[in-house]
2 protein chains.
Amino acid sequence: MAGMGSTTSAAGGTRPLYRQIKLLIVQDLQAGVWKPGEMIPSEWDLADRFGVSQGTVRKAIGELAAQHLLQRRQGKGTFVATHAEQATRYRFLRLAADDGSQRDLTRRLLQCQRLRADPDVARPLGLRSGDAVVFVRRLLLADSRPVVLDDIWLPARLFGDLTAERLAAYEGSMYAMFESAFGVRMIRAEEKIRALAAPAEAAALLGVAAGAPLLSVERRSLTYRERPVELRRGLYRTDAHHYRNELL
Amino acid sequence: MAGMGSTTSAAGGTRPLYRQIKLLIVQDLQAGVWKPGEMIPSEWDLADRFGVSQGTVRKAIGELAAQHLLQRRQGKGTFVATHAEQATRYRFLRLAADDGSQRDLTRRLLQCQRLRADPDVARPLGLRSGDAVVFVRRLLLADSRPVVLDDIWLPARLFGDLTAERLAAYEGSMYAMFESAFGVRMIRAEEKIRALAAPAEAAALLGVAAGAPLLSVERRSLTYRERPVELRRGLYRTDAHHYRNELL
DNA sequence: AAGTGGTCTAGACCACCTG
DNA sequence: AGGTGGTCTAGACCACTTA
């Protein structure tokens with residue numbers, strides 16, 4: 001019997017069925033029913049559970065894969081997306097060397113401490129000013145030369161246990177650590193980019209003259225349900241690198 | 001009879017059917033069989049022509065719509081995407097006012113002339129140095145204050161007839177003019193972003209001190225089949241605006 | 001061989017728009 | 001009322017991976 005209509009399922013309003021399925025899957029992802037890197041049930045399995053056809057589950061999963069919440073692997077299964085992979089490790093790093101070289105960046109941790117959030121930090125994070133945050137300052141170096149100075153603020157409610165030691169010990173990307181050590185998976189981010197004259201302190205750390213032009217990249221990272229989980233203010237040297245972007 | 005397999009159609013190798021359909025549609029788009037803004041045949045119509053099911057055509061169109069080559073409108077039909085629309089007019093303009101205001105930008109044309117391409121211009125455009133190009137310099141103003149200085153190079157082979165008069169006369173966006181007046185539809189673009197100290201000439205035009213930090217945005221625009229059709233070097237004042245980006 | 005995602009079909013019905 | 005895109009189903013078969 002084809003064409004049962006779109007409001008057959010119990011919960012949900014007039015949304016198409018596959019949208020409702022999508023929501024149910026996202027809820028399970030958010031609840032941690034399946035952890036990053038793990039395989040989720042097969043399309044047929046989910047179809048049985050939800051009482052819909054395989055095609056409907058497939059469409060829901062398709063959209064979630066397009067949003068990078070899930071990852072499909074033919075013949076293997078569908079997996080919860082993770083930052084702990086060589087392949088997707090640079091999805092959020094838009095810095096590229098002008099000469100096209102792919103050299104890895106080195107991290108140097110400068111600070112890691114608990115602070116009270118200024119209004120300028122609290123607002124983008126959805127906190128109240130004075131709320132506890134973890135502040136991290138670090139340098140990224142290419143070929144031993146400093147390229148990026150990052151200031152990072154994280155809500156202490158989520159990242160209270162973060163210490164310099166744990167940060168220094170971790171091998172993979174920061175976002176990989178967030179998801180494996182704190183259960184916080186970064187989904188997408190918004191950035192505001194400006195050019196500014198290097199303040200004295202930043203200039204010294206980056207090895208440029210005070211007042212030299214730097215790229216200012218302010219990033220707000222969001223997890224499931226658009227919840228902000230990170231504020232990052234980066235200063236980029238762009239004398240041998242650039243920020244690459246694609247307009248689609 | 002279901003499941004005819006994926007290599008039933010005459011042309012094409014082992015690609016899935018819907019990919020082959022996609023190619024056929026792109027070929028027609030590129031050939032100008034349907035012009036920007038026009039409606040293409042219905043899914044059922046195309047399915048009949050290509051000898052496949054409606055679902056297969058639908059999947060092909062779905063991917064083309066995701067790439068912004070086509071636009072679907074429920075109840076109306078599927079249309080060739082166009083830059084001549086209020087809705088998609090700012091798809092490639094990433095500049096936003098810091099205070100969130102949506103004020104329109106004013107254009108002021110400064111130059112429009114034919115030149116021989118320097119190597120730095122020729123290479124990204126896929127030309128040989130010395131080839132003829134049309135050079136355009138213009139200013140974008142917000143609230144009568146200059147914000148962007150754009151230098152634009154276009155292959156004369158495609159845009160030979162472009163003059164200051166025609167540019168000044170045109171109402172819509174530049175890309176809308178390209179597609180309606182020259183039959184060149186811009187599909188996607190790559191940008192390289194840097195911070196630099198304002199050169200004297202640019203500083204004067206933008207109303208900032210020489211040496212003030214500016215955002216440098218180099219854009220390479222491509223049409224069908226990844227063919228480069230525009231090189232644009234913009235200098236942005238970011239004291240009251242910023243370049244917004246989303247990381248997905 | 002068995003399990004998984006990927007493709008394709010055929011048919012039904014819904015939602016939206018136009019005349 | 002008729003056309004168009006949008007959703008849903010049921011079933012078949014293909015392609016890839018693992019055992």
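Please read these numbers as outputs of a predicted model, since none were measured by experiment. We name chains A, B, ... by the order of the sequence lines, and we start the count at 1 in each one.
- Counting only heavy atoms from C-beta outward, the side chains of A:Ile152 and A:Leu231 never approach each other to under 4.5 Å.
- Note: CZ (A:Arg15) to P (D:dC8) measures 12 Å, nearest angstrom.
- The closest donor-acceptor contact from the side chain of B:Arg185 to the backbone of B:Thr223 lies at 3.5 Å or more, if one exists at all.
- Here D:dG3 presents its C1' atom at 13 Å from CD of B:Gln54, a figure rounded to the nearest Å.
- The closest donor-acceptor contact from the side chain of B:Arg220 to the backbone of B:Glu190 lies at 3.5 Å or more, if one exists at all.
- The nearest whole Å value for the distance from the CG atom in A:Leu46 to the P atom in C:dG3 is 16 Å.
- Residue B:Thr78 has a polar side-chain atom (N or O) positioned under 4.0 Å from OP1 or OP2 of D:dG5.
- For B:Arg19, the side chain to side chain contact (heavy atoms under 4.5 Å, CB included) criterion is met by B:Arg15, B:Pro16, B:Lys22, B:Glu63, not counting sequence neighbours.
- Shown for residues 26-36 of chain A: no residue has heavy atoms falling under 4.0 angstrom of DNA chain C.
- A salt bridge links B:Glu191 and B:Arg219; the closest N-O separation between the charged side-chain nitrogens and carboxylate oxygens is under 4.0 Å.
- Counting to the nearest Å, the P atom of D:dC8 and the CZ atom of A:Arg19 are 10 Å from each other.
- Counting to the nearest Å, the C1' atom of C:dA2 and the CD atom of A:Glu43 are 17 Å from each other.
- Distance from the side chain of B:Tyr18 is smallest to C:dT7 among C:dT7, C:dT9, D:dT9.
- Applying the ring pair (Phe, Tyr, Trp, His ring centres under 6.0 Å) rule to pairs touching residues 63-89 of chain A yields A:His83-A:Phe92, A:His83-A:Tyr175, sequence neighbours excluded.
- A search for ring-ring contact (aromatic ring centres under 6.0 Å, His included) contacts involving B:Tyr170 returns nothing, not counting sequence neighbours.
- Atoms CG (A:Asp45) and P (C:dA2) sit 19 Å apart, rounded to a whole Å.
- Using a cut-off of 4.0 Å between Lys/Arg side-chain N and Asp/Glu carboxylate O, B:Arg194 and A:Asp98 are scored as salt-bridged.
- Listed by first and then second residue, the ring pair (Phe, Tyr, Trp, His ring centres under 6.0 Å) pairs involving residues 27-62 of chain A amount to none (not counting sequence neighbours).
- Out of D:dC8, C:dT7, C:dT4, the shortest distance to the side chain of B:Pro16 is found at C:dT7.
- Residues of residues 56-77 of chain A having a heavy atom closer than 4.0 Å to DNA chain C, listed by number: A:Arg58, A:Arg72, A:Arg73, A:Gln74, A:Gly75, A:Lys76, A:Gly77.
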